[in-house]
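Worksheet for the structure shown next.
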Amino acid sequence: MSEEEKSLNFLEEIIEADLAAGRYKSILTRFPPEPNGYLHIGHSKSICLNFGLAAKYGGSTNLRFDDTNPVTEDTEYVESIKDDIRWLGFSWAEEKYASDYFETLYQYAHTLINKGLAYVDDSSAEEIASLKGSPSEAGKNSPFRNRSVEENSQLFSAMKEGKYKDGEKVLRAKIDMLAPNMLMRDPIIYRIKHAHHHRTGNDWCIYPMYDFAHGQSDSIENITHSICTLEFIPHRELYNWFIEQLNIFPSHQYEFARLNMTYTVMSKRKLLQLVNEGHVNGWDDPRMPTISGLRRKGYTPASIRNFCERIGIARRENLIDLSLLEFCLREDLNETAFRVMAVLDPVKLIISNYPDDQTETLISENGPDEKMGSRNLQFSNELWIEREDFMEEPAKKWFRLAPGAMVRLKSAYIVRCDGFTKDDSGAISEINCTYIPESRSGQDTSGIQVKGTIHWVSAKHAAKAEVRLYDRLFRVEDPASEEGDFKAYINSDSLQIIPEAMIETSLLDAKPEQRFQFIRKGYFCLDKDSQPGKPVFNRTVTLKDAWTKEVKKSN
RNA sequence: UGGGUUAUGGUGUAAAGGUAGCACAACAGAUUUUGAUUCUGUUUGUCUAGGUUCGAAUCCUAGUAACCCAACCA
């Protein structure tokens with residue numbers, strides 16, 4: 001074990017080196033979402049990283065909302081983000097907002113102006129863009145670049161006072177229009193937005209840009225390691241430039257590769273489209289890769305944390321198999337979920353030699369671990385079994401029910417199929433069996449060995465439930481990199497609703513977010529749409545299924 | 001005037017000049033009152049071409065490929 005712990009990711013190496021060199025007494029990280037959408041599984045990689053690193057090295061983590069763009073942000077998102085982080089199992093040291101620092105940031109801007117390092121530009125957005133050049137073409141200086149410190153100072157103050165309309169003026173850092181890094185070509189650091197901010201209301205009509213808020217906020221909070229994703233690499237030069245010019249606490253930015261996962265999309269923009277255009281039913285639709293969607297689907301916080309641990313941290317682009325996430329989920333659920341019986345596609349099984357007026361109470365274990373206890377099951381001569389567990393003409397290697405064949409009814413008796421009846425459409429309507437009285441579960445003296453065990457529910461005692469089965473949202477592994485609109489690759493069969501599944505009555509006591517294994521069918525949990533007496537279950541994940549694979553292979 | 005970042009099995013991720021390891025996936029077998037779980041085993045890899053070295057995924061040289069940067073978004 002200690003051998004494995006020796007291999008550190010590159011951030012752990014940096015931190016250990018910093019600590020060993022005495023550069024910091026302890027580390028402080030931050031998780032900095034913009035409150036303009038819901039968190040997704042990609043964010044959980046960042047959350048686990050930032051909080052995990054701090055925990056590992058005895059530091060702490062701030063939650064900071066990067067709320068510098070009032071037109072896209074909302075309190076609704078702030079609350080959902082906090083919920084999701086707490087649900088994942090993390091606690092932040094301090095809850096901060098970039099907007100807490102608007103006054104300080106404004107003063108910083110004046111500092112820059114006074115040093116001759118910022119100027120007010122009256123150019124239009126188009127003019128600024130055209131003078132900016134391109135990656136392979138140098139930029140040109142703005143005609144407003146050489147305004148005096150006094151004029152800039154006055155103009156910037158006037159911007160703050162609301163003397164100008166949106167877009168009329170901006171404040172720019174005066175760096176180098178020839179810089180190969182586009183971000184160093186006099187980046188805009190303040191723009192005018194007469195908009196209502198979810199926290200500061202109408203106090204401000206100028207708002208700092210990301211680059212003039214993020215690093216400064218890190219610095220103000222004394223963040224030691226500011227960890228972000230790869231696309232911010234070019235920002236690091238600017239990040240450091242501001243810290244140096246402002247002479248403030250030197251936080252350092254480090255970048256890692258964001259999470260991509262097969263059969264889903266991870267950009268907020270795309271997820272927003274799925275929600276707004278009705279391809280899913282909201283941000284917490286169980287098919288969404290959002291934390292709230294995964295949570296509603298039945299994912300456990302531990303499984304997500306474990307997943308984030310296993311995928312590792314590095315600096316190369318990656319596309320993680322969805323199957324790894326599902327593996328982590330099953331690993332957790334296998335140990336914790338109670339086993340119950342539910343029949344999703346019911347067909348009637350009649351036991352001809354079991355008295356019609358008799359009901360028997362059987363005992364079934366709740367799980368592989370004895371500590372999970374047991375419960376009572378009602379047994380009678382009329383049962384529901386899964387339609388797919390009967391084959392009129394059995395395939396090879398089939399060891400479920402078929403004419404003349406025997407199977408064990410889980411926790412009950414062995415039955416032999418004597419015949420069946422069909423309805424007018426040719427579908428099986430009833431399966432006739434006899435049971436072996438000496439084969440009762442736990443006290444079997446029949447000596448009969450059967451290969452198959454199937455689940456069942458007593459028809460006379462069954463309750464009903466709606467069951468929702470979810471499949472992957474997209475038909476292709478990487479919809480975002482596919483040609484054309486990613487929405488063309490949506491899996492139209494990602495949701496299957498079973499209006500009336502037959503469930504054992506103990507499931508009527510299910511609590512929200514309580515997870516079950518429906519034996520042989522998968523893991524399920526109660527959905528928030530449930531009403532008293534009218535439960536709704538979501539399939540969290542299927543069980544691994546060697547039989548279906550076998551069938552596919554022989555076809 | 002372009003700059004930056006990254007390349008290890010199907011997918012991730014280790015190996016800091018010295019046995020290419022681990023996990024997922026796949027495949028095979030054993031156990032099983034869940035065709036689940038568990039257990040055992042197998043297959044598959046250092047971007048290319050040169051070079052240095054007793055020895056290279058690692059160092060050097062030259063290529064190649066992928067990704068990021070031209071919002072008054074973050």
Side-chain angles (χ1 to χ4, degrees), chain A residues 3-4 6-9 13 32-34 36 66-69 71-73 98 121 124-125 128-130 132-139 166-172 178-185 188-193 207 209-211 213-214 228-237 255 257 262 268-269 310-328 330-331 334-335 339 341 364-365 368 397-400 407-412 414 439 441-442 444 450-455 477 517-522 542-550:
Chain A
E3 303 261 326
E4 286 172 37
K6 261 197 248 171
S7 100
L8 304 174
N9 66 46
E13 283 175 0
E34 183 188 11
N36 69 345
D66 232 331
D67 56 350
T68 56
N69 187 357
V71 302
T72 57
E73 295 154 6
D121 196 325
S124 69
I128 290 177
S130 76
K132 194 155 210 168
S134 77
S136 57
E137 190 187 358
D166 288 12
E168 242 180 290
K169 286 181 165 48
V170 291
L171 183 70
R172 292 230 253 171
L178 266 25
N181 180 353
M182 299 290 289
L183 280 156
M184 300 301 279
R185 322 240 265 227
I188 293 169
I189 59 177
Y190 262 95
R191 75 288 213 195
I192 300 169
K193 276 179 191 282
Y207 291 92
M209 297 286 287
Y210 166 84
D211 286 302
H214 198 101
C228 60
T229 48
L230 253 28
E231 63 269 29
F232 289 94
I233 289 175
H235 293 256
R236 190 174 60 226
E237 191 180 356
E255 311 87 11
T262 55
K268 264 188 202 172
R269 205 190 96 250
R310 282 173 194 253
I311 58 178
I313 299 295
R315 278 167 73 86
R316 63 181 115 146
E317 298 287 333
N318 58 78
L319 181 62
I320 311 275
D321 264 337
L322 176 60
S323 59
L324 181 61
L325 214 212
E326 294 186 336
F327 168 82
C328 294
R330 292 190 186 106
E331 184 184 43
N334 179 47
E335 288 177 9
R339 270 61 167 174
M341 295 203 277
S364 188
E365 75 284 359
K397 292 192 197 168
W398 176 261
F399 43 85
R400 278 118 94 155
V407 291
R408 155 86 54 192
L409 296 170
K410 172 74 182 169
S411 300
I414 292 173
S439 67
S441 187
D444 185 347
V450 292
K451 202 82 161 79
T453 299
I454 64 172
H455 60 282
E477 281 204 336
Q517 185 194 108
F518 290 4
I519 288 179
R520 303 208 303 133
K521 298 310 298 181
T542 59
L543 258 25
K544 278 173 77 175
D545 183 358
W547 172 247
T548 304
K549 217 180 265 179
E550 180 71 33

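Chain letters run A, B, ... following the sequence lines, proteins first and then strands; every chain starts at 1. Here the structure is a predicted model, which is why all the values come from computation and not from measurement.
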Would you say [X] reaches [N]'s phosphate, i.e. side-chain N/O to OP1/OP2 under 4.0 Å?
X: A/K544; N: B/rU34; answer: no
X: A/K521; N: B/rA36; answer: no
X: A/R310; N: B/rA23; answer: no

Do [X] side-chain and [N] base share a donor-acceptor contact under 3.5 Å?
X: A/S411; N: B/rU33; value: no
X: A/R408; N: B/rU33; value: yes
X: A/E255; N: B/rU5; value: no
X: A/R316; N: B/rU8; value: yes
X: A/R330; N: B/rU37; value: no

- Task: Output the single nucleotide from B/rU5, B/rU34, B/rU13 whose closest atom is nearest the side chain of A/R315.
- Result: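 Shortest atom-to-atom distance from the side chain points to B/rU5.
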Handout entry: A/S323 side-chain proximity, nearest of B/rA14, B/rC69, B/rC24
Key =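 Of B/rA14, B/rC69, B/rC24, B/rC24 is nearest to the side chain of A/S323.
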_If the condition is side chain to side chain contact (heavy atoms under 4.5 Å, CB included), which residues does A/S130 pass it with, not counting sequence neighbours?_
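None.
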Taking syn as a glycosidic torsion within 90° of 0 and anything else as anti, which one is B/rA71?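 Syn conformation here, the glycosidic angle of B/rA71 being no more than 90° from 0.
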Nearest-angstrom distance from the residue atom CG of A/D444 to P of B/rU32 |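 It is 14 Å, rounded to the nearest whole Å.
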Inter-nucleotide C1' distance (B/rA65, B/rU46), Å rounded: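 Each nucleotide's C1' atom is 16 Å from the other's.
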>> For the P atoms, the ones on B/rC24 and on B/rA36, what distance do you get once it is rounded to whole angstrom?
In response: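 Here B/rC24 and B/rA36 have their P atoms 16 Å from each other.
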Less than 6.0 angstrom separating the ring centers of A/H214 and A/F232, yes or no?
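No.
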| For RNA chain B, which consecutive runs of 3 or more Watson-Crick or G-U pairs (each distance under 3.5 Å) count as stems? |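 Listed by first number, the stems are B:2-7 with B:64-69, B:10-13 with B:21-24, B:26-30 with B:38-42, B:47-51 with B:59-63.
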Atom pairs, N/O to N/O, protein against nucleotides 71-74 of chain B, distance under 3.5 Å?
| residue | atom | partner | partner atom | Å |
| --- | --- | --- | --- | --- |
| B/rC72 | N4 | A/S123 | O | 3.2 |
| B/rC72 | N4 | A/A125 | N | 3.3 |
| B/rC72 | N4 | A/G167 | O | 3.1 |
| B/rC73 | OP2 | A/R191 | NE | 3.1 |
| B/rC73 | OP2 | A/R191 | NH2 | 2.8 |
| B/rC73 | OP2 | A/K193 | NZ | 3.2 |
| B/rC73 | O3' | A/R191 | NH2 | 3.1 |
| B/rC73 | O2' | A/N69 | ND2 | 3.2 |
| B/rA74 | OP1 | A/T68 | OG1 | 2.6 |
| B/rA74 | OP1 | A/R191 | NH1 | 3.4 |
| B/rA74 | OP1 | A/R191 | NH2 | 2.8 |
| B/rA74 | OP2 | A/Y210 | N | 2.9 |
| B/rA74 | O4' | A/E34 | OE1 | 3.4 |
| B/rA74 | O3' | A/D66 | OD2 | 3.4 |
| B/rA74 | N6 | A/H235 | NE2 | 3.1 |

